[in-house]
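Comments concern the structure below.
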Amino acid sequence: MFGLKDDWSLDVLPRYFTLEDYEGGRARWCPGCGDHAVLASVQRICRDHQLPPEKTVCVSGIGCSSRFPHYMKTYGFHGLHGRALPVACGVKSRRPDLSVWVATGDGDCCSIGAGHWIHATRYNMDMVVMLFDNSIYGLTKMQTSPTTARGFATNTHPDGSWLPPMEPVATTLSFPNVSFVARTVDWNPVHLHATLEKAFAHRGMSFVHVMQRCPQYTGKVMEPLQQDPSKLTLLTHDDGVTLDSDVASIFPNQQIHDPGSLGDAISLARAEDGPIPIGLFFQDPSRPCYEEFTQQGMGMSAREKLRGLEEAFDAFAI
Amino acid sequence: MNSTPTGATPRQSDGAAAEAQPAGDPLLAELWAWHRGLPTQSRGGGAGDLLPALLQPLGDPASLRHSYPLVLLERGGPPAAPLADLLEQWAGQLAGGEDETRLVRENLVRLERQLRQRLGSEDRPVEAGPYLQKAAADLEEQLHLRGESAAQLHRQLGELLSAVPQGARLLPLCEQAPLELLLHCLRQRSAEQQAAMRREIGALADELRNLLRVDDDKSDRGRSAQARQKSLDPLGAARLDPAALARVLGPARGSAALDKARRERIEEMLGVLEKAASAPPARAAVVVQPKDRPAPEGDGVTCKSVEAGQVCQQAAEIFDEQVGEYARLFAAMRVARLEIEGQYDPPRHDALLASFDWTSFSGAELTRLPAVVAVVPGTDAVGSGLASLSTLLLSRRPVQVLVPTRPAESADSAGQRLEPGYFGISLRTAMINQSSVARPGHLLEGFCRAVDAAGPAMHVVAGGQPLGVESPRLGAYLHASAAVEGRAHPLLRYDPAAGRSWAERLDFAGNPAADADWPAYPRPGSEHRNGDAATEPFTFADFCLLEPRMQHHFRPLPAGDFDALTPLAAYLRLSDADAAERLPFIEAADAEGERHRLLVDRELVAACRDRLDYWHTLQELAGIDNDYVRLALEAQQAELEAAHAAELAEREQAWRDEVETVRSETAREALEKLARGLVNADFTAAAMPAADAPAAPAAPAPAEPARDEADEPAAESEAPAAEEADEDDEPQEPWIQSALCTSCNDCINLNPQLFVYNASKQAVIGDPAAGTFAQLVEAAEKCPSRCIHPGTPLNPDEPNLDELIERAKPFQ
């Protein structure tokens, strides 16, 4: 176009960010914890896209994974239990220019924060929401969480969890205005990274369910899945999460799934038997984002706002 | 062929337009009147700071990444290449994988930006090495990296810059860029030609000297005792008597000395060749240009500044002056070749030699002459200098005529423009290279072809300055590019030596959307989330919006819908009658990106039609939308269809006949069989087969020959076994499947020298000697991804090796 190069702009940031620019100190999660992999992948995405640290915000609630903002040398907000999503929506509503990453756990999001989960999905604000799902309350030493498998013994249910677990992907797909839902596993860093990349590229709320190991409490739960890839099904599609053929060949079960179909995505997520699907379930980039509404009038000066208010009040003057 | 009406002057559609003028809406009536150039209440022309909508996002010249600076390269390979491309190429040659070189690769754009800032307002080629070194230092200071990243960047930048070829120069985008690029091509060509010519002159001179030496030996002087004495070495001279030798060695039978005239001719030619061989290197080019232009600098080029109207005449004179010397040299070389081969025929060749001038030169000889470059500004080329330019090009003197032009220079304020390139084609003697500084690849290719050609060449090169503006809002590059896109300055190359047909001579490559009326690009801000975007065309009127003196052809339209409005590109496709009922507009944008519609007056519409007419002519000459071809194709297609239909009908008939034959024969055979069956039939019950009778057993499959496989596997298995035994003796290095590493720190905590992170924060083996086999095994056992493979012990004296090897087995 006009004889210009494809990457025509010299208008680049004067700074260049290396991986160290996003590393906020050595993570203190347990050895073997899946949080490490997610942290490393997010740091790489920030570096690859040269996100200015001061224009990046990590928001979390309470739990092991919610220590995430401490290990990112960006802005961070370590919030209250279950309140990661409303804080993130607040950030995005007035600072849509910021890149927002939300770290929330299965307890934080699916239990005490479940109400916010529904509405944050409906708001569909441009952010990446990573649900670190280790199926247990780990920070408080092994209580049953909403995703704990039935029969799994915990401190609160020594004879085994009594209720069937919540399925986060199927649940999110049922919320209104949902625009991006994917699932990955922490022990395959390539798939994890590709999924988070895809989520970051999506405009709207990208919900990524990360099935992860807690070596301390639920190591045995995920171990069969880790040891035997046939217990997973890799979702494939040109519009989905794409992997190198070498990595994809690890998975004996593969299924072509068009992420444009919400109905197929829900059916897939609700299937109770068989291997667990991982990949992109659903994506619709045309869904409205609430920050398009909330940022209205942001360029107005205080004087202009006052004048607008005066005019509005004058309409009712007697 | 497009059916756009052409040649419509503003006055031709007055009647229809007047009928279409609305009576009710005063604003619309005012717009109609303004469009037609009639008196209006407010003139209202001018577009202010508006830019064509497609160009508005590119409006900051400092942020625009384009092909400049070019790197002018010395011998070998192409004469020049964009710096950005070379940086990418050099970065690709750095040691290390993609991950290791990421730091420098991802900062090439910043390096380019630093260099552009360093070059500032340079308007000459400069040495590449020092500028790049400074830009690299600036980059390091700007990034202010710390620790290993800083050291890595410094190291890799040094390695990158060591790839810069010796003598490379940077050519910034400047007014002199086309001339400097042409001179660079001429210097490069001259250096190669002179080296080849000196080699050839040396060889010819040697051969001529040999002829003379042999002739000397045949003469009385050559057979004298003194000459024999000289031919002997000291030992021979001591033992032989030269005088006796001279008496014994008489002239060879059948050999005759050169006649006097031939010997004199050879000596004369040898003198010319020896003089040429000892002469200093010839200059590469002489530039003849108007006095008001800055003289080019650099080795091998001289410049003569003359009055503007004298350039072509002076160039011809300079050519004639310098060609005399070369005529003597080339004649000497030709005579030398004939003499060496014994083919010189005085009655025939003496006359040719006497009249030998540049018109007798071969193509190869013409390309060996120092170039004469005539710089004829665009306004002169189609103005007062037209006659002398024609004379020069028609004379067939191999002069390079450079016509630097501004895209709108030869156009009047209504946009009508004379075409120096098209005019040059009409002469049919010169190579015409119409190009632009915004297409350096096209420009360079044209220069290279011209300097290798034996005839005159005219290069019509559009620069990037609008008239009356020294620093255009868009920057020179984009302005020049807009001229190409808006069909104001189409790219073309015409080479009369390329063949006999237009298809061979005319090269239309490089034009954007060459098969369309106007190029179209995604409309800024219209990108849908699914990646699709609406497109809009870039017309000649869009280009004119960039020219300050064309501003009066535009009038901003008030907000609101007007049924009469039609985008200009669509308007130009309407018939005269339909166009008379519509008002054309283009879209522009202000500095904030807000869109505005601009009404276009009828005068500029006529200029757009004229441009389109010219464009269609070029398309047709280049074989695009060619009516002759279309008609020929239609005729051919009709002929083929008729032949096909006839063949089809014939086959159908043959098929019907065959079906009929088969049907009648089959019926006859069936009747015959039925008749025979009835005659011979046994209708008793015993003869009728039961319906459920078992089928006859199938014949057993033939047994396959037995294969003697006993020996083959054994033979195959021996070699691998031996190899495996060898491999077992070799210690296996530890390794990590880094792609599977989850960055959990377990191995790093165990031994941070043995295990380190790569640029993607995934573990790799650092120094295998920095740890023990026990640590490798422990790390492999701890690793949650099981991606660590300990290999075999490097230290055979490490304690408990047997146990460790056993533990390491699951991870091999």
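Order of the sequence lines sets the chain letters (A, B, ...), proteins ahead of strands, with each chain counted from 1. From a predicted model like this one, the values you see are computed outputs, not experimental measurements.
Contacts between A/Leu13 and chain B at a heavy-atom distance below 4.5 Å involve backbone atoms as well as side-chain atoms. In this structure, no portion of B/Leu153 lies under 4.5 Å from any heavy atom of chain A. Only the side chain of A/Gln227 comes within contact range of chain B, with heavy atoms under 4.5 Å apart. Contacts between B/Ser149 and chain A at a heavy-atom distance below 4.5 Å involve the side chain alone, from C-beta outward. In this structure, chain A has no heavy atom under 4.5 Å from any part of B/Leu139. For B/Cys741, the part lying near chain A is the backbone, with the side chain staying farther off; criterion is any non-hydrogen pair under 4.5 Å. The contact between B/Arg116 and chain A is made entirely by side chain atoms (from C-beta outward), counting heavy-atom distances below 4.5 Å.
The candidate with the highest count of non-hydrogen atom pairs below 4.5 Å against chain B, out of A/Cys33, A/Pro31, A/Gly219, A/Ser41, is A/Pro31. Your options are B/Ala482, B/Ala84, B/Ala759, B/Cys744, and the one with the most heavy-atom pairs under 4.5 Å with chain A is B/Cys744. No other option in A/His191, A/Arg47, A/Lys5, A/Glu23 has as many heavy-atom pairs under 4.5 Å with chain B as A/Arg47. Between chain B and the residues A/Gln226, A/Arg213, A/Gln50, A/Glu223, the most heavy-atom pairs under 4.5 angstrom are made by A/Arg213. The residue among A/Gly34, A/Pro14, A/Gly32 with the most heavy atom pairs within less than 4.5 Å of chain B is A/Pro14. Among A/Thr18, A/Val38, A/Asp21, the residue making the largest number of heavy-atom pairs under 4.5 Å with chain B is A/Thr18. The greatest number of non-hydrogen atom pairs below 4.5 Å with chain B, out of A/His193, A/Arg26, A/Arg44, is found for A/Arg44. Contact tally against chain A (heavy-atom pairs below 4.5 Å) for B/Glu106, B/Arg786, B/Gln114, B/His144: the top residue is B/Glu106.
Between A/Arg67 and A/Asp35 there is no salt bridge, since none of the side-chain N atoms of the basic residue sits less than 4.0 Å from a carboxylate O of the acidic one. Using a cut-off of 4.0 Å between Lys/Arg side-chain N and Asp/Glu carboxylate O, B/Arg439 and B/Glu485 are scored as salt-bridged.
Using a 3.5 Å distance cut-off with no hydrogens or angles, the side chains of B/Ser436 and B/His489 do not pair a donor with an acceptor. Using modelled atom types and a 3.5 Å distance limit, the side chains of A/Asp11 and A/Ser9 yield no donor-acceptor pair.
Contact annotation: the side chain of B/Leu58 approaches that of B/Leu64 to within less than 4.5 Å [non-hydrogen atoms, C-beta and beyond]. Contact annotation: the side chain of B/Lys782 never approaches that of B/Cys747 to less than 4.5 Å [non-hydrogen atoms, C-beta and beyond].
Aromatic ring centres of A/Trp8 and B/His66: separated by at least 6.0 Å. The ring of A/Trp29 has its center closer than 6.0 angstrom to the ring center of A/Tyr71. In this structure, B/Phe538 has its ring center no closer than 6.0 Å to that of B/Phe543.
A donor-acceptor pair is defined here as one N or O able to donate and one able to accept, closer than 3.5 Å; such a pair exists between the side chain of B/Gln434 and the backbone of B/Pro490. Side chain of B/Ser743 to main chain of B/Lys761: a donor-acceptor pair is present (N/O by atom type, distance under 3.5 Å, no hydrogens or angles).
Contacts between residues 237-252 of chain A and chain B, defined by a heavy-atom separation under 4.5 Å, are made by no residue at all.
Ring planes of B/Tyr68 and B/Tyr477: perpendicular class, angle over 60° (limits at 30 and 60°).
Heavy-atom minimum distance, A/Met72 versus A/Val42: CE-CG1, 3.9 Å.
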